[in-house]
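Accompanying notes for the structure given below.
The chain is numbered in sequence order, starting from 1.
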Amino acid sequence: MSQELTDLLDLLDLERIEQDIFRGSSRASLVPRVFGGQVAAQALVAACRTVPAGRLPHSLHAYFLRPGDPGAHIVYTVDRIRDGRSFTTRRVVAVQHGQPIFHLSASFQTHEEGMEHQEPMPPAPDPETLPTAEEKVPRYRRELFVDPQVPERLLRARAAVDLRYVEEPPFARVGSRSEPRSQVWFRTNGKLDGELDDPMLHICLATYVSDMTLLDSVLLAHGRGGWAVGDVVGASLDHAMWFHRPFRADEWLLYDQESPTAQGGRGLGKGRIFTRDGRLVVSVIQEGVVRVPRPRRAEAPGAAAGRSADQPASPAADSR
């Protein structure tokens with residue numbers, strides 16, 4: 001198991017500070033706020049730890065309310081909404097600095113037999129034939145990026161996951177519009193054996209990864225490269241997932257993504273996650289802020305010093 005995966009598992013191993021109150025740490029992400037997938041995965045971990053044995057998540061619905069501070073702990077409070085004969089419902093609120101930054105509702109179900117059908121898996125190349133991020137990212141020209149340190153930051157932020165693009169990512173296709181579709185293969189950078197081989201942990205890890213690339217298809221439709229090249233201001237607004245069938249996060253999963261619409265400064269992404277043998281295991285929908293940055297207006301001398309703490313310092317700041 002890679003050290004980066006060990007670090008991620010430590011990040012998801014929340015500290016219980018009261019019966020239904022948990023505390024999680026944070027770490028720096030690609031942008032100056034907590035990575036949304038981290039908050040979603042930690043909140044789901046908190047919910048899972050209050051659920052009767054034998055019940056796994058079958059859906060979650062979440063809202064990103066405020067940008068998280070990567071330098072501070074996050075407190076997760078779980079409300080036990082309902083424990084029925086087959087289903088359990090939990091609500092989780094994530095708080096930093098006395099304010100809610102994230103809200104999640106999750107539903108759990110005991111295993112049942114029932115009717116079966118699914119969409120077929122779309123065509124995709126074998127993941128082993130695709131270059132790794134470590135092989136591919138250093139090849140990109142540094143002048144592509146808003147900051148020459150972006151490639152290293154990108155590799156560090158995703159080092160716990162072996163994530164392979166089927167085609168070029170948006171930042172490598174700036175100015176070239178294409179179909180609003182994207183595919184990546186992913187798996188954890190290491191096996192989950194022994195006590196780590198827990199179905200809930202596999203689900204929480206997929207939740208973590210699900211926020212990494214889902215809005216790529218929105219950018220591709222408009223020839224935009226995203227945060228890495230500075231031509232878009234964006235942030236996740238809400239996130240929903242449905243878990244259909246068992247899967248392992250340490251085995252190859254195809255994340256097939258598309259964007260049916262973008263309007264009003266928002267873009268919608270839809271994703272389907274398939275196992276390598278073609279089983280549809282997860283469906284994902286997310287809407288996010290996707291704005292073209294406005295030119296920064298010149299400020300009078302001393303204006304920056306007088307700006308209040310909650311005013312954005314630049315158009316790239318999260319000011320939803």
Side-chain angles (χ1 to χ4, degrees), residues 3-50 60-79 90-106 146-147 149-150 152-161 201 204-205 207-212 214-215 226-228 233-239 286 288-289 304-320:
Q3 182 59 50
E4 292 80 8
L5 178 56
T6 299
D7 292 343
L8 174 57
L9 296 176
D10 288 342
L11 199 68
L12 298 181
D13 188 15
L14 304 181
E15 174 191 4
R16 186 188 294 267
I17 57 178
E18 253 298 346
Q19 179 179 358
D20 293 333
I21 303 176
F22 303 85
R23 179 164 54 202
S25 59
S26 298
R27 64 180 180 185
S29 68
L30 297 170
V31 291
R33 59 177 178 264
V34 177
F35 169 52
Q38 174 201 309
V39 184
Q42 287 182 328
L44 186 57
V45 168
C48 288
R49 291 188 177 178
T50 70
L60 67 83
H61 301 263
Y63 283 93
F64 297 90
L65 306 175
R66 292 179 176 87
D69 175 4
H73 285 94
I74 306 174
V75 174
Y76 297 90
T77 302
V78 182
D79 287 337
R90 295 291 184 262
R91 181 173 58 217
V92 184
V93 178
V95 176
Q96 269 189 327
H97 306 304
Q99 292 187 312
I101 65 167
F102 179 82
H103 175 280
L104 174 140
S105 294
V146 68
D147 179 338
Q149 298 302 312
V150 163
E152 288 77 12
R153 289 166 55 202
L154 180 65
L155 290 175
R156 283 199 306 271
R158 297 180 175 178
V161 179
L201 182 57
C204 291
L205 285 164
T207 300
Y208 177 86
V209 178
S210 69
D211 190 39
M212 285 184 175
L214 188 50
L215 296 182
W227 68 271
V233 178
S236 303
L237 288 172
D238 58 9
H239 196 81
Q286 181 183 97
V289 172
R307 184 188 292 120
S308 66
D310 61 351
Q311 286 179 294
S314 74
D318 190 324
S319 55
R320 288 173 286 171

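- Heavy-atom minimum distance, A160 versus L8: CB-CD2, 3.8 Å.
- No side-chain N or O of D238 forms a donor-acceptor pair with one of Q286 less than 3.5 Å apart.
- Side-chain atoms of Q42 never come within 3.5 Å of backbone atoms of D13 as a donor-acceptor pair (strictly under, hydrogens ignored).
- For the atom pair Y208 OH and L9 CG, the distance stands at 10.5 Å (nearest 0.5 Å).
- For the residue pair S26 / H73, no side-chain donor-acceptor distance below 3.5 Å is found, with atom types taken as modelled.
- Contact of the L155 side chain with the E152 side chain is not registered, since no non-hydrogen atoms from C-beta on lie closer than 4.5 Å.
- In this structure, the side chains of W227 and V233 stay at 4.5 Å or more apart for every pair of heavy atoms.
- Of all non-hydrogen atoms in D69 and G71, the two that sit nearest each other are OD1-N, 2.9 Å.
- The heavy-atom pair separating D211 from G37 by the smallest distance is OD2-N, 3.1 Å.
- Checked against side chain to side chain contact (heavy atoms under 4.5 Å, CB included), A43 has the following partners two or more places apart in sequence or in another chain: Y76, V92, F102, L104.
- Contact of the H103 side chain with the F64 side chain is not registered, since no non-hydrogen atoms from C-beta on lie closer than 4.5 Å.
- In this structure, the side chain of R66 does not engage the main chain of V95 through any donor-acceptor pair within 3.5 Å.
- Every side chain to side chain contact (heavy atoms under 4.5 Å, CB included) that T50 has, sequence neighbours left out, goes to D20, F22, V78, R80, R90.
- At least one side-chain heavy atom of I74 sits less than 4.5 Å from a side-chain heavy atom of I101.
- S25 contributes atom OG, which lies 4.5 Å from atom CG of L11 (distance to the nearest 0.5 angstrom).
- Here the NE2 atom belonging to H239 is positioned 11.0 Å from the NE2 atom belonging to H61, to the nearest 0.5 angstrom.
- Counting only heavy atoms from C-beta outward, the side chains of V75 and V93 never approach each other to under 4.5 Å.
- The shortest distance between side-chain heavy atoms of D147 and R153 falls below 4.5 Å.
- R91 CZ: 12 or fewer foreign heavy atoms inside a 6.0 Å radius.
- With Q96 contributing its side chain and A72 its backbone, the two residues share a donor-acceptor pair below 3.5 Å.
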